[in-house]
There are 2 protein chains.
Amino acid sequence: MTENQNIRVAVDAIVFGYQNSQLYVLLIQQKFGTQESYWALPGGLVKNDESLQDAVKRELKEETNVEVNYFEQLFTFGDDVNRDPRNRVISIAYYALVDPSKLKVQADTDAEHAQWFKINEIPALAFDHNQILKKGLERLKAKLTYEPIGFDLLPKEFLFSELENLYCTILEKEIERRNFRKKILSFGIVEETENYSPVKTGRPAKLFRFNHKKYNDLHEEGFHFEIKFA
Amino acid sequence: MTENQNIRVAVDAIVFGYQNSQLYVLLIQQKFGTQESYWALPGGLVKNDESLQDAVKRELKEETNVEVNYFEQLFTFGDDVNRDPRNRVISIAYYALVDPSKLKVQADTDAEHAQWFKINEIPALAFDHNQILKKGLERLKAKLTYEPIGFDLLPKEFLFSELENLYCTILEKEIERRNFRKKILSFGIVEETENYSPVKTGRPAKLFRFNHKKYNDLHEEGFHFEIKFA
DNA sequence: TTATATTTGTGTAAATCTTACGCATTTTAA
DNA sequence: TTAAAATGCGTAAGATTTACACAAATATAA
């Protein structure tokens, strides 16, 4: 009985990007198989001698030419025995956040079929990928409130208003500008730089930077990041 | 390449129990294989036509004779290619919480090698099971603070002091009795019963009950359970 | 029967954190 | 020079959290 198990192991990647008050996800167009022409999450089968993390990085790179160095495991999909009509396949889904500079890397080498989609313009995807994406989005929303991951979606130096908009956009909520700023600054993990934004409209604004080291130190001491909204 | 993938898919179960200010985990003794005589988490290979959830329930039942109807997926372990020395095996770990009545069901039928271990008397386990358990425990601790799961470890009717001790024990923290009680009661999800505890020492205490329905209703409306301690 | 030990059950004041709210400043473009 | 656009700032009221101590109900032992 242990000898005839016939289950494939795949990984899938949800890669989130953000720009101009829009959340994006990176998708690829299926070329082969029964799900041909459907868009899908990047991913594929794990190799025998490869870690799951490596597998998801490799597949992403192969299929979209995007490189990501940190993926977080999201969930393993394997309760629906027929989630892939060809074989029994279980998929370990991962997600990653990339900064806006990566949003332009489409139509590359063999990644011609990769494209960034706005989160609310996602088509019907192959397999159970809409469901996977849904779970990823829920996780993103939840994490945004209790871990400082929003910064991973912004350039190294960013405007406070961008951070603000990111929270509004992803969480689909209004926020009180003054209180938000006060709160974030009170943590002491975001610092003003000497630079001003190149934006030409309105009063010039200082650029800010997330201080990873400071956050890690505070975190060690028991600090918990948390942003709540009514 | 897709044809020669050779990776086994297993599930493992962390089953937590609680009694008398002690947190327990259910382990089995390995009978075969290189990890013979080591204690291990219940678990085994998934069948081709079986959901992951069903697999973990089946394995647990087979190996320990304990039945659990809700497992939560914890994490998938598959980055270490040699975590099982025999083959490449990835394992989807689940955890469950059971009430004290199940703590007695040892030495049953074919479950003679199953045993409850106190959480701080866990021996060296087979494979990477200590690591899996560690992750499970972290999750349990975290969830305890933001979801009302402590009740799953108690009998249907319980003393407030038992709930209190459960939190202290698992989180390894002191708590302020009056504030804890006030807080929990303020949620309106725990109700007094008409019954008194059979304990014969000290002032007789009312038994309390967790109202699942009430919690679900409140949760729908956006209520978030949360217990924090200094 | 009385005293002691044990555990339950409760209130309040101070401190902290959260919320709500509006206006002056600095720039660009008309 | 004026209008439009976005930044940057402070405070008072309300809500939540914390810290803290003693009386009540029972069983048991003296």
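Protein chains get the first letters and strands the later ones, always in sequence-line order, with residue 1 at the start of each.
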Original post:
Going by modelled atom types, is there a donor-acceptor pair between the base of D:dA21 and the side chain of B:Arg178 at under 3.5 Å?
Top reply: yes
**OP:** Determine, using ring centers only, whether A:Phe77 and A:Phe75 are less than 6.0 Å apart.
**Re:** yes
**OP:** Please state whether the base of C:dT27 and the side chain of A:Arg203 form at least one donor-acceptor pair under 3.5 Å?
**Re:** no
Original post:
Counting distance only, does the side-chain N/O of A:Thr145 pair as donor-acceptor with the main-chain N or O of A:Ala142 below 3.5 Å?
Top reply: yes
**OP:** Check the distance between C:dA30's C1' and A:Lys200's NZ and give it to me in whole angstrom.
**Re:** 17 Å
**OP:** Specify the residue among A:Leu185 and A:Val199 whose closest nucleotide of DNA chain D lies further upstream toward the 5′ end.
**Re:** A:Val199
**OP:** Show the numbers, then the answer: is there a ring-ring contact (aromatic ring centres under 6.0 Å, His included) between B:Phe225 and B:Tyr215?
**Re:** CA-CA 9 Å; B:Phe225 178 89; B:Tyr215 170 70; 7.0 Å; no
Original post:
For B:Arg177 and C:dG9, is the shortest distance between a side-chain N/O and OP1 or OP2 below 4.0 Å?
Top reply: no
**OP:** Rounded to the nearest angstrom, tell me the gap between atom CZ in B:Phe180 and atom C1' in D:dA19.
**Re:** 17 Å
Original post:
How close or far is atom P of C:dA20 from atom CD1 of A:Ile175, stated in whole angstroms?
Top reply: 13 Å
Subject >> Gap between atoms NZ and C1', on A:Lys206 and D:dA6 respectively (whole Å) >> reply: 15 Å
Subject >> A:Leu159 CG - C:dT27 P separation (whole Å) >> reply: 15 Å
Original post:
Could you give the CG-to-P distance, from A:Asn165 to D:dT7, as a whole number of Å?
Top reply: 8 Å
Original post:
Taking OP1 and OP2 of D:dT17, is either one under 4.0 Å from a side-chain nitrogen or oxygen of B:Lys228?
Top reply: no
**OP:** When you get a sec, tell me which of D:dT18, C:dA29, C:dA20 is the closest nucleotide to the side chain of B:Asn179?
**Re:** D:dT18
Subject >> Position toward the 5' end of DNA chain C (nearest nucleotide), B:Ala205 or B:Glu176 >> reply: B:Ala205
Original post:
Hey, is the side chain of B:Lys182 pairing donor to acceptor with the base of C:dT12 inside 3.5 Å?
Top reply: yes
Subject >> Lys NZ or Arg CZ of B:Lys118 over B:Tyr24 ring: under 6.0 Å, within 45° >> reply: no
**OP:** Kindly say if A:Lys183 contacts the phosphate of C:dT18, meaning a side-chain N or O under 4.0 Å from OP1 or OP2.
**Re:** yes
Subject >> B:Tyr196 OH to C:dT8 C1', straight-line distance once rounded to whole Å >> reply: 10 Å
**OP:** For C:dA29, take OP1 and OP2 only and decide whether either is under 4.0 Å from a side-chain N or O of A:Thr201.
**Re:** no
**OP:** In whole angstrom, give the distance that lies between atom CD1 of A:Ile184 and atom P of D:dC9.
**Re:** 15 Å
Original post:
Does the ring center of A:His219 lie less than 6.0 Å from the ring center of A:Phe223?
Top reply: no
